[in-house]
There are 2 protein chains.
Amino acid sequence: MDSSDLKQAGLKTTLPRLKVLSILENSKIRHLSAEDVYRELLNDETSLGLATVYRVLTQFEEAGLVIRHNFEGEKAVFELNDLEHHDHMICIKCGRVIEFVDPSIERHQELVAERHDFTIQDHSLTLYGTCKTCTPA
Amino acid sequence: MDSSDLKQAGLKTTLPRLKVLSILENSKIRHLSAEDVYRELLNDETSLGLATVYRVLTQFEEAGLVIRHNFEGEKAVFELNDLEHHDHMICIKCGRVIEFVDPSIERHQELVAERHDFTIQDHSLTLYGTCKTCTPA
DNA sequence: GTATATGCAAAACTTTTGCATCCTT
DNA sequence: AAGGATGCAAAAGTTTTGCATATAC
C-alpha cells in the first residue's frame, strides 16, 4: 500500500495519512486502536493529533483500506484490509488475536440467512477463549 | 423470572430490580439498551436513575440473568437470558433482530478452534444485512 | 489559488463512580 | 440495626466536531 492507494480512494497524499498507513503496515501487532497508532507516532519528530488519527482511520475504513472491529469490551481496533476475509479468535488471557477462515461456517451462514429471507452484507464472528499458551493443561 | 431469581443470584429484591426485570420480560423489543430501559420507566410514577439501570443490568449480567451484546456501532444492548444459546442477524435498514441457531456452525467453530489449540469460552456471531421486508426485490 | 486536511480544544456520548440517603432483611 | 441499594452529580473513557491555520495539487 502506498500513496497510489490513497489517490485511488480519493484521498490526498498527506503526511499524516502516509504515517498511519505505514504504522498499520509495519506494526508487529496487527489490530491497533486509534490510540495505539497515535502513541506509536509520539516518538516521531512530527506526531499527529489523536483527532487526526481518528479521522484518517475512519476515512480509510470508508475507502475500504482498513477494517474496524468492535471486539467485546475493548475500544475499536483497526486492521489493514490486505488479506482475504477472515474471522478472529481472541485470547482473553494474553490478548493474542488469531485469524482464521472456515469455508463451512461461511457456507452455513449463507444457508441460515436464506432460510430467514435475509441478505447478508457483512458478518462478524469472534471466538473468545484461551490460546495454546494460556490454556491450563 | 421473579424475585426468587434475584435471591438466587444473591441480589436483594428491590423495586428497581423488579422493574428492570419486568421491562426485559414484557417489552415488545427484546434487545434493549440501558437507556431504552430507563426511558420505558420515565412515564412510571417512580422512575429510576440511569446509573441505577446500568448497575442493575450489569449485576444481572454477572448473575447470568441477561446477556450483554455489543453490536457494531450501537451502544450495548441487553436481552433476557431465557432462551437457548443463539446468534443474531440484524437488519441494517429497520433494525430488526432475528435470532437463529445453526448446529453446523457451532460444530465447525469447535473444530476450527481445536485446529488452533484454542479453547472457546464464548463466541459472538452476528450477521448484518437486510431482512425480508427491507431487501429490494 | 482553492479546496481539502490538520491541530487543538471543546463537545458529545456512553458508562462508571463517590457519597449521602434510603430500603430490605 | 446493619449492610446493601439507590439517586444525583460528577468523572472517566472514547470518539466526534468547530474553527483557525496549514498543506496538497
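Here is how names work: the chains are called A, B, and so on, in the same order as the sequence lines, proteins then strands, and each is numbered from 1.
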Under 3.5 Å, is there a donor-acceptor pair between the A:Lys19 and A:Thr46 side chains? yes
Any luck finding a side-chain donor-acceptor pair between B:Glu74 and B:His69 under 3.5 Å? no
Quickly work out the [X] [atom1] to [N] [atom2] distance and round it to whole Å.
| X | N | atom1 | atom2 | answer |
| --- | --- | --- | --- | --- |
| B:Lys19 | D:dT6 | NZ | C1' | 12 Å |
| A:Asp36 | D:dT14 | CG | C1' | 13 Å |
| A:Lys7 | C:dT4 | NZ | C1' | 15 Å |
| B:Leu11 | C:dC23 | CG | P | 19 Å |
| A:Arg39 | D:dG13 | CZ | P | 13 Å |
| A:Leu15 | C:dG7 | CG | P | 9 Å |
| A:Lys75 | D:dA12 | NZ | C1' | 12 Å |
| B:Gln59 | C:dT16 | CD | P | 12 Å |

Residue-phosphate contact under 4.0 Å: [X] side-chain N/O, [N] OP1/OP2:
| X | N | value |
| --- | --- | --- |
| B:Ser33 | C:dT14 | no |
| A:Tyr54 | D:dT16 | no |
| A:Lys12 | C:dT4 | no |
| A:Thr14 | C:dA5 | no |

Remember a base hit wins even if backbone is also touched, and classify [X] as base, sugar-phosphate or nothing at under 4.0 Å, heavy atoms.
| X | result |
| --- | --- |
| A:Leu48 | sugar-phosphate |
| B:Thr46 | nothing |
| A:Ala34 | nothing |

Which is more 5' along DNA chain C, the nucleotide nearest A:Ser47 or the one nearest B:Glu74? Just name the residue. A:Ser47
Full working for side-chain contact (heavy atoms from CB on, under 4.5 Å) between B:Lys132 and A:Phe118: CA-CA 6 Å; B:Lys132 189 176 192 154; A:Phe118 188 88; over 6 Å; no
Once you measure the plane-to-plane angle for B:His88 and B:His31, does it fall in the parallel (<30°), tilted (30-60°) or perpendicular (>60°) bin? perpendicular
Candidate nucleotides [options], ranked by approach to the side chain of [X] - the nearest:
| X | options | result |
| --- | --- | --- |
| A:Arg55 | C:dG7, D:dA5, C:dG18 | C:dG7 |
| B:Arg17 | D:dC25, C:dT15, D:dT6 | D:dT6 |
| B:Thr58 | C:dT16, C:dT14, D:dA5 | C:dT16 |
| B:Leu50 | C:dT14, C:dT15, C:dA5 | C:dT15 |

Please name the residue in the list A:Glu79, A:Glu61, A:Glu62 that meets the salt bridge (Lys or Arg N to Asp or Glu O under 4.0 Å) test with A:Arg68. A:Glu61
